[in-house]
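In what follows, a single structure is set out as structure tokens and then discussed.
Chain letters run A, B, ... following the sequence lines, proteins first and then strands; every chain starts at 1.
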Number of protein chains: 2
Amino acid sequence: MTDTEIKISKSQRAYQWIKERIFNHQFTPGYRLVLGTIAAELDMSVVPVREAIRQLEAEGLVTFERNVGAHVAMLDEDRYSASMQTLSLMEAAAVALAASSLTEEDLRRAREANERLRGTLEPRRAFDPHAFTVLNQQFHAILYRACPNQRLVELIDAEWARLGNMRDSIFTFVPERARESVREHDELLDLLERGAPTHEIEHTMRRHRAGTLQALLSHNHPDQPVGMPEL
Amino acid sequence: MTDTEIKISKSQRAYQWIKERIFNHQFTPGYRLVLGTIAAELDMSVVPVREAIRQLEAEGLVTFERNVGAHVAMLDEDRYSASMQTLSLMEAAAVALAASSLTEEDLRRAREANERLRGTLEPRRAFDPHAFTVLNQQFHAILYRACPNQRLVELIDAEWARLGNMRDSIFTFVPERARESVREHDELLDLLERGAPTHEIEHTMRRHRAGTLQALLSHNHPDQPVGMPEL
DNA sequence: GTATCCGAAATCGTATACGATACCTCCGCC
DNA sequence: GGCGGAGGTATCGTATACGATTTCGGATAC
């Protein structure tokens, strides 16, 4: 028989189900999660759903207020840029640590991902910020996931998940910045290919992300000075 | 009436209660958390206790296995050093970012904390690794908590909590390293006081933590090369 | 027309109950 | 004496039930 399948608890199922909807943007930031409704939908009682929501709360994906209920988390501008800055710092370190373990294959896939990114910039089609964001995330993931420090990778993944869902990604890239971003990716790949020293790689990564952050902020608030520590 | 007190949910109470015991080392890594027992102890049913444990699981402080139960989390050597390295990288960045916002008062308190650390090294008393670890954490906390990026501070706090409890802190400091550590703290404080450039601060922090990590590892496994990216 | 209060409905919070699963002990077999 | 299987016990997983709290709509006063 096919009992290789591991039995999964209802609370786990609820957890995954909700998380999936959040990532899908079916449940957008601020959306109210009603325990009873979700329980009915999944054909279970509220108890496992509550557990699932507690987990999601601990991960920062939802907020939960006593006697009020759960909502998909939202980040205000400040928290957003703090999160972004944190992500950038971690990622820069991760890529630097990954540098020596990157294989030919990793680099090839990264180049390829960057070419797909460049593809979205074709002047003949309208710039699609969402597609760009997804591909951009893929490009970055190829590099930082090669980092031998798995804990660091976990934290980066978690943080990126938060960011991806807390805000409409539409604000993340203005077309001009996107173009520059792709060029910077090339530059980074060149460094990695020729085995540049780790500090140079980390420095380049930070500059790259600082640029993105800057563009994002100045697009919304043309003032506000948020930076990255100069390496 | 004194109804300024906010009513706290039972699951929150359970959460805090368990967490407290873990931090106290009353519940040491590997300790089994039996839902019914905890519920009885806290005079509540198992439902809120389960929720609390799910939250703690999401934070990485306990592990929870279907139909088996919950245990206080343990980290093996590899995960431990990965976590430590991650913490170090984040903290170095945080202190660098904090540099410009540190007040006189912060620095004074940091000096004071370091003097208390030095006190534990008095040759006439036996070295107490646990006391040293606690004071050391306080010293570091003063500096990184001043970082304006609150998200980064949160992550560092969480990571430090994990580390503090996943292993017996007795292995964290051998006396020789402790002595060197205190000296490096002084050096760091000097840099901060004279407003050294952020990259120098970050560099110094990384070296400091890399040294600690190195000492720890070579104390257990005299081989294994784990480093920090050179800045 | 707006503000305020009251009551009903929706929803949350947790206790209790009970089936399901894993673990442990003891017995019989080899 | 050691090993495997049966039954009992401890514990987990979740449904159901019900009191507590919030929210919302409507009625009343100004």
Within this structure, what is the [atom1]-to-[atom2] distance between [X] and [N], rounded to whole angstrom?
X: B/Gln12; N: C/dG13; atom1: CD; atom2: C1'; value: 13 Å
X: B/Glu65; N: C/dA20; atom1: CD; atom2: P; value: 21 Å
X: A/Glu51; N: C/dC12; atom1: CD; atom2: C1'; value: 16 Å
X: A/Ile53; N: C/dT11; atom1: CD1; atom2: P; value: 13 Å
X: A/Leu33; N: C/dA10; atom1: CG; atom2: C1'; value: 16 Å
X: A/Arg50; N: C/dT11; atom1: CZ; atom2: P; value: 15 Å

* Asked: Which nucleotides of nucleotides 15-23 of chain D have their base under 4.0 Å from a protein heavy atom (B), which only their sugar-phosphate (S), and which neither (-), written as one string 5' to 3'?
  -> BB----SS-
* Asked: Mapping B/Thr37 and A/Ser9 to their closest nucleotides on DNA chain D, which lands nearer the 5' end?
  -> B/Thr37
* Name all residues meeting the ring-ring contact (aromatic ring centres under 6.0 Å, His included) criterion together with A/Tyr31; count only those two or more places apart in sequence or in a different chain, and write none if there are none. => A/Phe27
* **Chi angles and distances behind the salt bridge (charged side-chain N to carboxylate O under 4.0 Å, His left out) call for A/Arg109, A/Glu112** => CA-CA 5 Å; A/Arg109 289 199 307 134; A/Glu112 203 175 287; over 6 Å; no
* So, the side chain of A/Ser83 versus the backbone of A/Tyr80: is there a donor-acceptor pair under 3.5 Å, distance only? -> no
* Asked: With distance as the sole test, does B/Ser81 use its side chain to make a donor-acceptor pair with the main-chain N or O of B/Glu77 at under 3.5 Å?
  -> yes
Could you tabulate the donor-acceptor pairs under 3.5 Å formed by side-chain atoms of residues 62-70 of chain A, not counting sequence neighbours?
from, atom 1, to, atom 2, distance (Å)
A/Thr63, OG1, A/His71, O, 3.4

* Asked: Can you name the closest pair of heavy atoms from A/Ala113 and A/Ile142 and give their distance?
  -> CB-CD1, 4.1 Å
